[in-house]
Amino acid sequence: MPEGDTVWQTAKRLHAALAGQVLYRSDLRVPKYATADLTGRTVLDVTPRGKHLLTRIEGGLTLHSHLRMDGSWKVYGNADRWTGGPAHQIRAILGTLDRTAVGYRLPVLELLRTTDEHRAVGHLGPDLLGPDWDPDRALANLQSDPTRPLGEALLDQRNLAGIGNVYKSELCFLLRVTPWLPVGALPQDRSALLPALARKLLEANRDRPIRSTTGLRLHDLFVYGRAPRPCLRCNTPIRAGDQGDGSRERPTYWCPTCQQGPAPVPGTPRAPRPRPQRRTPN
């Protein structure tokens, strides 16, 4: 599931493959940009911004993409077989002399003037893995609506950029509160800890192929995707439910013993179990 660490890894791979190279192939398979031709231009850099990717190209252009739930960028050598999905799922192809970056299932793909990047990412809060990280501002953003459930506030990229559904559930477990606890009800000592803890988790995972929040060899995550298995701390069965993020419901996991605060009434339909969270090297 693409979150800030996954996007950071993707940007790193794309930058290594494309930056400083001239594009000899360019194919943007979305109607608005179907006739756009980037061949002959040099890729300047690929920069992550929260969950967004900014591929900057000679001539003052930026290719903005967002992976959301199922999107991915794969990098292939000339002799490699493309394995990211069927051809009809390809949304972008950027090729140099020896490497080709292929964007699959990209729900957001747009070509901007670099000076207009703020249109795509200007609304984002401090980036947990970016040079603009500001823990005080991130906390102030989160606390601006004290009645909002903590899980919703963490997913709101206007507050801080990079947290997705996995880190939302794991952070709430580490803070020992449920995702439905109002932000204003979070004890002050844990509020002060939250920004640093969030950054620590993403930084620890940005170079790992498999995301881990536990530090344990046999268990990668404390609660996410583990219902109804026992809690790693207290053996209580982990529960699953749905929590909105302002746009749609998302599966949410918590321990009813270790985490204090409101939660869905037992017996409500459980969220579907997520797919394994392994991240491929391409």
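All of these numbers come straight from a predicted model, not from anything done at the bench.
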Side chain of [X], backbone of [Y]: donor and acceptor closer than 3.5 Å?
X: Arg49; Y: Leu53; value: no
X: Tyr24; Y: Leu94; value: no
X: Thr214; Y: His219; value: yes
X: Thr55; Y: Val46; value: no

Say whether [X] and [Y], considering side chains only, have a donor N or O and an acceptor N or O under 3.5 Å apart.
X: Glu170; Y: Thr213; result: yes
X: Arg105; Y: Gln89; result: yes
X: Thr35; Y: Asp37; result: no

Does a sphere of radius 6.0 Å around CZ in Arg233 hold more than 12 heavy atoms from other residues, nucleotides or ligands, not counting ones at 6.0 Å or beyond? yes
Compare all side-chain heavy atoms of Cys231 with those of Cys258 and state whether any distance is below 4.5 angstrom.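 A side-chain contact under 4.5 Å exists here.
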Close side-chain approach of Tyr224 to Trp254, heavy-atom, < 4.5 Å: no
Partner of Thr62 under side chain to side chain donor-acceptor pair (under 3.5 Å), chosen from Arg113, Glu117, Arg56: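 In the set Arg113, Glu117, Arg56, the residue that makes a side chain to side chain donor-acceptor pair (under 3.5 Å) with Thr62 is Glu117.
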Drop me the distance from Ser191's OG to Gln143's CD, to the nearest 0.5 angstrom.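 Going from OG on Ser191 over to CD on Gln143, the span is 5.0 Å.
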